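Atoms within each ligand, like the ligands themselves, are counted from 1 in listed order. Everything numeric here is computed off the predicted structure, so don't read it as measured data.
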Amino acid sequence: MSAGGQIIPESMWSVCYRTNKPTIEDYDEAIQELERAKVDLRWKRDGFAIPTCFVCEDSGHTAEGCHHNPLLLAREWARATSVWQCWHCGFIATNDKEAIDHFGRSDGEAAKCLVSAAVEAAVRSERERCAAVADQYGKFEIDTEHGEGYATAASNIAAAIRAGA
Ligand SMILES: [Zn+2]
Ligand SMILES: [Zn+2]
């Protein structure tokens, strides 16, 4: 990472820009930065002038505009990505319309993939039930000429039903 053309050693990177898996110390640091950002708001509310940024200690800005403020960075990321992945089928929605189409408008609605899987299962089961009826029908009086015709017709019908025709 560089700032103002200067290469900053990794040990100096502020917590949000580190690339390691977050450690206990990283969380502590992020929490401290958030606490300091809260102090910034309290001071402003109480009418105090802010001398430097409480989050990064730089001058020229306050915690509300600091690019090390973990909450601001998290919100920017959330806004920039707007990506939601379905836990059930892996579908990734990249905008509001896709998300509403797949997940519905509220938590109470089932994801579209779950609904279509349930519908498919119901159709499969009904198709199998009808095919089984055709199988039974074909078993009547197979020893007569008519019976054999029925059996052939029934097995053709059952095959077509099972194939989804
Ligand atoms: Zn700052
Ligand atoms: Zn899904």
Side-chain angles (χ1 to χ4, degrees), residues 1-132 158-165:
M1 167 183 235
S2 75
Q6 262 187 317
I7 302 297
I8 300 175
E10 191 166 348
S11 62
M12 300 285 286
W13 290 8
S14 81
V15 64
C16 292
Y17 295 94
R18 285 176 205 152
T19 53
N20 59 297
K21 238 171 118 175
T23 62
I24 291 173
E25 292 74 22
D26 287 339
Y27 280 112
D28 283 341
E29 218 175 304
I31 290 164
Q32 282 163 17
E33 289 178 354
L34 290 169
E35 288 291 346
R36 292 202 300 268
K38 263 164 67 180
V39 173
D40 173 286
L41 279 186
R42 289 206 192 100
W43 277 39
K44 282 176 184 158
R45 182 195 62 197
D46 297 340
F48 295 115
I50 311 291
T52 59
C53 173
F54 286 155
V55 174
C56 73
E57 298 173 5
D58 248 350
S59 56
H61 66 273
T62 65
E64 275 178 288
C66 181
H67 67 283
H68 296 286
N69 179 334
L71 183 56
L72 293 188
L73 288 170
R75 286 185 172 180
E76 273 173 39
W77 169 255
R79 201 170 35 241
T81 52
S82 285
V83 159
W84 300 272
Q85 183 162 25
C86 179
W87 291 349
H88 307 292
C89 72
F91 170 74
I92 293 175
T94 57
N95 59 51
D96 289 354
K97 190 191 174 305
E98 286 175 359
I100 290 167
D101 280 353
H102 196 79
F103 302 106
R105 290 197 169 269
S106 72
D107 284 351
E109 290 183 46
K112 194 174 169 186
C113 59
L114 294 184
V115 174
S116 53
V119 168
E120 267 172 40
V123 167
R124 242 193 332 269
S125 135
E126 181 59 12
R127 189 179 288 156
E128 186 45 45
R129 192 188 65 80
C130 294
I161 291 171
R162 288 200 170 92

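Within the protein, the number of N/O/S atoms found under 2.8 Å from the Zn ion (ligand 2) is 4.
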>> Walk me through whether Glu76 and Arg79 qualify under salt bridge (Lys or Arg N to Asp or Glu O under 4.0 Å).
In response: CA-CA 5 Å; Glu76 273 173 39; Arg79 201 170 35 241; 5.0 Å; no

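Between Arg18 and Asp26 there is a salt bridge, with a side-chain nitrogen of the basic residue lying less than 4.0 Å from a carboxylate oxygen of the acidic one.
Sequence neighbours left out, the pairs with a member in residues 33-67 that pass ring pair (Phe, Tyr, Trp, His ring centres under 6.0 Å) are Trp43-Phe48, Trp43-Phe54.
For the pair Glu98 (side chain) and Thr94 (backbone), a donor-acceptor distance under 3.5 Å is present. A distance-only check finds no donor-acceptor pair linking the side chain of Ser125 to the backbone of Ala121 [under 3.5 Å]. Listed for the Glu109 side chain is a donor-acceptor partner under 3.5 Å among the backbone atoms of Arg105.
The closest side-chain heavy-atom distance from Asp28 to Thr23 is not below 4.5 Å.
Side-chain contact of Glu120 with Ser116: a donor-acceptor pair under 3.5 Å is absent, judged by distance alone.
Listed by chain and number, Cys53 SG, Cys56 SG, His61 NE2, Cys66 SG are the protein N/O/S atoms closer than 2.8 Å to the Zn ion (ligand 1), with waters left out.
Under the side chain to side chain contact (heavy atoms under 4.5 Å, CB included) criterion, Glu64 pairs with Asp40, Leu41, Lys44, Thr62, not counting sequence neighbours.
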